[in-house]
Amino acid sequence: MKIEAMSFLAQRDSEVARILHSEAERQANSIDLIASENHIGRAVLEAGASLMTDKYAEGYPGRRYYSGCVNADEIESLAIDRIKRLFRAEHANVQPHSGSQANLAAYLALLEHGDTVMGMSRSHGGHLTHGAEVNFSGKWYKAIGYGVDRETEMLDYDDIERLAAQHRPRLIIAGASSYSRIIDFERFGRIADKVGAMLLVDTAHIAGIIAAGLHPSPVPYAQVVTSSTQKTLRGPRGGFILCREGLAPAIDAAVFPGMQGGPLMHAIAAKAVCFLEAMQPEFVEYQRAVLANARTLASEFQGHGLRVIAGGTDNHLALVDLSPIGLSGRDAERALEAVGIMVNRNSIPFDPRPALTPSGIRVGTPAVTTRGFGTAEMKRVASLIVKMLAHPGDLHVGRQVQMEVKEICHRFPIPGLV
Ligand SMILES: *Cc1c(COP(=O)(O)O)cnc(C)c1O
């Protein structure tokens, strides 16, 4: 696929220009099924590449520590306004540099060091920041992990309630990075109330689906909601926090000066654009297509004898157990990357294999749906994956699959480019 070069950059710094060009070509010529990724549109890209990056704007609109913040105030207020409307939230902070930063700020606002927190175990689909040992959330707090039921592979709310009653956490965290079913935020809210805990819902993966009204919103049930903006929401890399009015001062103080210095104003400009895009009817159609594509992908895999965790998907991703074909997630990831199909290896719940060579792969449809892939393309992609995984070292099959990948990619350009 022909990619327009950034010509000014190419004159000034040919090395960087060459790498950026290669990355654009890599994206254009590969099928991205990494569930946490997406392709941003041109408007978000332009706002994100703006010279808003020059401006120091520590503080908040109308309360800055620097002069010259008139436009920074206006853009941040607009972003706040839009995200509050999108999620019907009382208060929003759009400054966190990422989803993980948003979570760090929420912990800083709500907890003391040493408090007990309860989040979904990483090995069952939770995120690093939900209490993993290697992360601040597991180092500074006493972290209790909950998981899914061994049979259904879905969240077992009775068991979560039992664990919460036993450990009496100060904070319960709901949300996940590789869980394919609806999360019952209302039930989480009741569990938290019952044990006197606060509820933090991390919507990093599903924010776009919630914004489109296709997954229940946590806003009525959680004291704090955090998210990243680059996943299903299809914005720039970044984060935001929603909370009740009463917690606004604590949340804002935790972000700045608690955790960050100057906000990334160019990223906030791009977030504002993303939030406007997420309010459009086309965005709802996009999310419907994301879900339909994920369901198709999951059922095609099942039809080919692979096992889909939790029996299927309600959202944008599916977790696939490859043990029926005797391949590790790592070998599958490598074989697919070699032919231009990007997935990531992933542990499955109660995985008998080690984390580096787990039993599964995670696949997601936000990025390919942005390019315009429909269910017909998903069926074709599923069959290419199955074919490749059946012959992982076969050069002839590899070449064939790679040609087909290129052909599909050619028909569906990525929107951020020409
Ligand atoms: C991706 C993710 C995050 C972190 O987002 P970053 O923007 O990468 O820091 C937080 N929580 C969950 C559940 C995620 O999946």
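Every number for a ligand or one of its atoms is a count from 1 in the order of the listing.
- Summarising the geometry of Met259 relative to Leu108, their closest heavy-atom pair is CB-CD1, 4.0 Å, with the distance given to 0.1 Å.
- Residues Thr370 and Tyr286 bring a donor and an acceptor atom of their side chains to less than 3.5 Å of each other.
- For a threshold of 3.5 Å applied to N or O pairs, the pair formed by Asp202 and ligand 1 contains at least one separation below that value.
- Aromatic ring pairs are classed by plane angle as parallel below 30°, tilted from 30° to 60° and perpendicular above 60°; the pair Tyr141 and Phe136 is perpendicular.
- For ligand 1, the atoms sitting less than 4.0 Å from at least one non-hydrogen atom of His205 are 15 (O), numbered in the order shown with element in parentheses.
- Taking every non-hydrogen atom of Ser228 and a distance limit under 4.0 Å, the qualifying atoms of ligand 1 come out as 5 (O), 7 (O).
- Given atom 2 (C) of ligand 1, the protein heavy atom at minimum distance is Lys231 NZ, 2.4 Å.
- In terms of polar-atom proximity, defined here as any N/O pair under 3.5 Å, Gly99 does make such a contact with ligand 1.
- Contact analysis leaves Arg237 out of contact with ligand 1, as no non-hydrogen atom separation drops below 4.0 angstrom.
- Ring pair His113/Trp140 is perpendicular by interplanar angle, where above 60° counts as perpendicular and below 30° as parallel.
- Side-chain atoms of Thr369 and Asn293 form a donor-acceptor pair, as typed in the model, at a separation below 3.5 Å.
- Between His215 and Phe185, the ring-plane angle classifies as tilted under the 30° and 60° cut-offs.
- When hydrogens are left out, the protein atom nearest atom 8 (O) of ligand 1 is Gln230 NE2, 3.9 Å; that is the closest non-hydrogen contact.
- Residue Gln101 places no heavy atom under 4.0 Å from ligand 1.
- At least one cation-pi condition fails for Arg187 and Tyr157: the charged atom is not both under 6.0 angstrom from the six-membered ring centre and inside a 45 degree cone around its axis.
- Both the backbone and the side chain of Ser177 come within contact range of ligand 1, each with a heavy atom under 4.0 Å.
- Ligand 1 has Ala176 within reach: a non-hydrogen atom of the residue lies less than 4.0 Å from it.
- Interface of Ser100 with ligand 1, defined as ligand atoms under 4.0 Å from a residue heavy atom, comprises 4 (C), 5 (O), 6 (P), 9 (O).
- Counting protein heavy atoms only, atom 3 (C) of ligand 1 is closest to His127 NE2, 3.3 Å.
- No close placement of the Tyr179 and His124 rings is indicated, their centers lying 6.0 Å or farther apart.
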